[in-house]
Protein chains: 2
Amino acid sequence: MAKAAAVEADTGKELCCTSVIEAPLSQAEAAKLAGVLSALADPVRLRLLSLVAARTEVCSCDLEAPLAKSQPTVSHHTTVLAEAGLIVGEKRGRWMWWRVEPDRLAAIRAALGG
Amino acid sequence: MAKAAAVEADTGKELCCTSVIEAPLSQAEAAKLAGVLSALADPVRLRLLSLVAARTEVCSCDLEAPLAKSQPTVSHHTTVLAEAGLIVGEKRGRWMWWRVEPDRLAAIRAALGG
DNA sequence: TCCACGTATTGACCACTGTCGATTCAGCAG
DNA sequence: CTGCTGAATCGACAGTGGTCAATACGTGGA
């Protein structure tokens with residue numbers, strides 16, 4: 001868990017100074033944005049995210065069935081989304097509870113010209 | 001070029017009925033959204049997109065230098081972005097001119113809860 | 001017609017990633 | 001302490017994707 005908790009999202013708030021359509025991105029900005037978008041660019045993770053958002057807080061064990069994926073696979077995807085800062089997890093007892101980080105999604109939209 | 005022109009973006013306008021954070025996505029919606037996001041989830045393509053957006057219209061030959069990529073690689077990335085509907089190309093003489101499709105980016109933002 | 005130039009395609013290589021079975025770790029109940 | 005349960009990690013596999021050299025295609029000029 002120490003490792004999982006050490007999952008810091010590098011929450012530098014905004015993902016790039018300006019939006020993609022306003023000015024050419026630097027390599028560093030492009031790499032950072034691409035990293036977060038890669039976390040979103042997977043159908044399983046998109047559905048996982050929408051499942052968590054639908055109920056404000058979801059236990060890992062309640063994700064295996066709707067996603068039709070094994071427990072290690074679900075754990076992998078939650079880790080990826082958490083590293084991207086899109087969800088945050090809290091361990092209560094034996095269960096891991098996840099909730100979305102709306103600010104992060106908003107930052108992505110802003111980077112995309114929102 | 002016929003092949004390149006045949007690159008249809010499956011422009012079904014909106015990418016999913018509702019935004020990711022409003023309701024659980026169906027597998028089909030998730031797959032479609034993930035496909036478009038995959039096109040964006042690459043630092044080279046993000047920089048390519050921003051370069052095109054910065055000048056409203058750009059020739060392929062003017063992308064190799066700023067991206068520091070070979071001509072086949074640039075061609076590959078423009079094809080991927082075009083298939084995702086994010087840019088559109090027009091061949092004039094020997095040159096291929098690209099411009100962004102702002103509506104497509106807006107659709108992505110909407111799908112992300114914009 | 002032939003040549004030069006810009007672009008697209010092919011083929012190959014390597015790195016990365018999604019997936020799962022097996023295992024290990026952590027917290028709770030008895 | 002022991003056993004049970006939920007989650008994270010490991011190891012391995014298959015599939016995908018970015019890259020470039022080489023080649024093919026198409027257009028315009030000489």
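Proteins come first, then strands; the chains are lettered A, B, ... in the order of their sequence lines, and each starts at number 1.
Look at CD on A:Q71: it is 13 Å from C1' on C:dT19, rounded to the nearest Å. The distance between atom CH2 of A:W97 and atom C1' of C:dG27, rounded to the nearest whole Å, is 16 Å. As rounded to whole Å, 14 Å separates atom C1' of D:dT9 from atom CE of A:M96. D:dA21 atom C1' lies 16 Å from atom NE2 of B:H76, rounded to whole Å. For the pair B:L81 CG and C:dA8 P, the interatomic distance rounds to 13 Å; values are reported in whole Å. Taking atom CD of residue A:E83 and atom P of nucleotide C:dG18, one finds them 11 Å apart after rounding to whole Å.
Using a cutoff of 4.0 Å between basic side-chain nitrogens and carboxylate oxygens, A:E90 and A:R92 are scored as salt-bridged.
Using a 4.0 Å cutoff on non-hydrogen atoms, the parts of residues 63-70 of chain A near DNA chain C are A:K69, A:S70, ordered by number. Shown for residues 34-53 of chain B: residues whose heavy atoms fall under 4.0 angstrom of DNA chain D, namely B:D42, B:V44, B:R45.
Although no hydrogens or angles enter the test, the distance criterion places a donor-acceptor pair under 3.5 Å between the side chain of B:S50 and the main chain of A:L25. Judged by distance alone, with hydrogens and angles left aside, the side-chain atoms of A:R55 form no donor-acceptor pair with the main-chain N or O of A:R99 at under 3.5 Å. Side-chain N or O atoms of A:R45 include one that pairs as donor or acceptor with a backbone N or O of A:A39 at under 3.5 Å. With hydrogens and angles disregarded, a donor-acceptor distance shorter than 3.5 Å links the side chain of A:R109 to the backbone of B:L112.
Looking at heavy-atom distances under 4.0 Å, B:S75 makes contact with a base.
Under the 4.5 Å side-chain heavy-atom criterion for Ile, Leu, Val, Met, Phe, Trp and Tyr, A:V52 and A:W97 are members of distinct hydrophobic clusters. By the rule that hydrophobic residues join a cluster once side-chain heavy atoms approach within less than 4.5 Å of another member, A:L49 and B:V36 end up as members of one cluster.
B:R104 pairs with exactly one of B:L81, B:I87, B:L15, B:V88 by the side chain to side chain contact (heavy atoms under 4.5 Å, CB included) rule, that one being B:L15.
Residues A:K69 and A:E64 form no side-chain contact, since every pair of their non-hydrogen atoms from C-beta on lies 4.5 Å or further apart.
Distances from the side chain of A:P72 to the nucleotides D:dA7, C:dG21, C:dT7 place C:dG21 closest.
Neither side chain, B:S75 nor B:T78, offers a donor N or O lying under 3.5 Å from an acceptor on the other. Side-chain atoms of B:S60 and B:W95 form no donor-acceptor pair, as typed in the model, at a separation below 3.5 Å.
Sequence order on DNA chain C of the closest nucleotides to B:T73 and A:H77 puts B:T73 first from the 5' end.
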Please list, pair by pair, any protein nitrogen or oxygen found under 3.5 Å from a nitrogen or oxygen in nucleotides 28-30 of chain D.
none

